[in-house]
2 protein chains.
Amino acid sequence: MSAVPADAVFRALADPTRRRVLERLGRGPATVGDLAKPFEMALPSFLQHLRMLETAGLVESEKVGRVRTYRLVPERLKLAEDWLARQRRLWETRLDQLDDLLKTLKESES
Amino acid sequence: MSAVPADAVFRALADPTRRRVLERLGRGPATVGDLAKPFEMALPSFLQHLRMLETAGLVESEKVGRVRTYRLVPERLKLAEDWLARQRRLWETRLDQLDDLLKTLKESES
DNA sequence: TCAATAGTTAGGTATTGACCTAACTATTGA
DNA sequence: TCAATAGTTAGGTCAATACCTAACTATTGA
């Protein structure tokens, strides 16, 4: 069943921990330790979230010595944004058409 | 474990079946049967998707006689849109700051 | 050189998601 | 009135998520 990239992106965004990580990375790259600090969670659990973000393509990382640094891949969020924007255009068009219809009906009354 | 509304919205969007349903509803209300027709899936499985969209607040439904009709609740998509827009503003600001910094450095060279 | 640090792997549990079939209820049109 | 229609409920399988602890590897600074 075609696991479209959008699936992974939206699934990655579905978790508050992962959204907070993205917000953090929006202000610049950070190491695993830095990223993990604000969370109660055990490290291995947290790493799973990072892995999920990375496989969704929303972040990328590089290890130097024993330190791995993550940064945002902003283009990837566009996938989600684009879908939502397209969706909004769709129903806005439809509401406009309804509006036109109502206007036409009102005019033909007079 | 604050299950923020955004969680449910993004999770609802994570499945292609549900996104197709939303696209369909973007063109106007439709009954369960109408919505289900394009999908191979058994009806009970499909209903679960509809339920998930409804608990996420993305759609609402009303039953008249034996027919249930679904329609989009567009405001709800704004939750997702807003988060993404805020996120974009964040990292765009940061990239601008980097840009300024680089410009400043270049100027001080000359 | 060796103990502390940074991250990783292995493996276990509980819940939820995505599907199915079978059997049911409520409505409606002939 | 009764068979077809529209949707619903019950219950089962399998994979993935979200967490955990324990034990490990690789790097580095004193």
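Order of the sequence lines sets the chain letters (A, B, ...), proteins ahead of strands, with each chain counted from 1. Just so it is clear, the structure is predicted and the values come from calculations on it, not from any experiment.
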Between [N] ([atom2]) and [X] ([atom1]): distance, integer Å:
| X | N | atom1 | atom2 | result |
| --- | --- | --- | --- | --- |
| B/Arg19 | C/dA18 | CZ | P | 11 Å |
| A/Met52 | D/dA16 | CE | P | 11 Å |
| A/Arg51 | D/dC19 | CZ | C1' | 13 Å |
| B/Lys63 | D/dT5 | NZ | C1' | 12 Å |
| A/Arg66 | C/dA4 | CZ | C1' | 7 Å |
| A/Leu43 | D/dA22 | CG | P | 15 Å |
| A/Gln48 | C/dA14 | CD | C1' | 14 Å |
| A/Lys37 | C/dA6 | NZ | C1' | 12 Å |

First of B/Pro44 and A/Val64 reached from the 5' end of DNA chain D, by closest nucleotide: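 The residue mapped nearer the 5' terminus is B/Pro44.
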Which residue lies more 5' along DNA chain D, comparing A/Gly65 with A/Thr17 via nearest heavy atoms: A/Thr17
Under 4.0 Å from OP1 or OP2 of [N]: is there any side-chain N or O of [X] that close?
| X | N | answer |
| --- | --- | --- |
| B/Arg18 | C/dA18 | yes |
| A/Arg68 | C/dT8 | yes |
| B/His49 | C/dG17 | no |
| B/Ser45 | C/dC20 | yes |
| A/Arg11 | D/dA16 | no |

5'-to-3' dot-bracket of DNA chain D (Watson-Crick, G-U; under 3.5 angstrom; crossing pairs as [ ]; | other strand): ||||||||||||||||||||||||||||||
When you compare the side chain of [Y] with that of [X], does any pair of heavy atoms fall below 4.5 Å?
| X | Y | result |
| --- | --- | --- |
| A/Arg19 | B/Gln87 | no |
| B/Leu77 | B/Leu13 | yes |
| B/Thr69 | B/Thr31 | yes |
| B/Phe46 | B/Lys37 | no |

Shared hydrophobic cluster, A/Leu47 / A/Val21 (ILVMFWY, side-chain heavy atoms < 4.5 Å):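 Hydrophobic grouping puts A/Leu47 with A/Val21.
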Qualifying residue for side-chain hydrogen bond (donor to acceptor under 3.5 Å, both in side chains) with A/His49, from A/Arg20, A/Arg18, A/Glu54: A/Arg18
Polar side-chain atom of B/Arg76 near backbone of B/Val9 as donor-acceptor pair, under 3.5 Å: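 Not a single qualifying donor-acceptor pair exists.
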Shortest side-chain distance from B/Asp15, nucleotide among D/dT8, C/dG7, C/dC19: C/dC19
5'-most by nearest nucleotide on DNA chain C - A/Gly33 or B/Phe46: A/Gly33
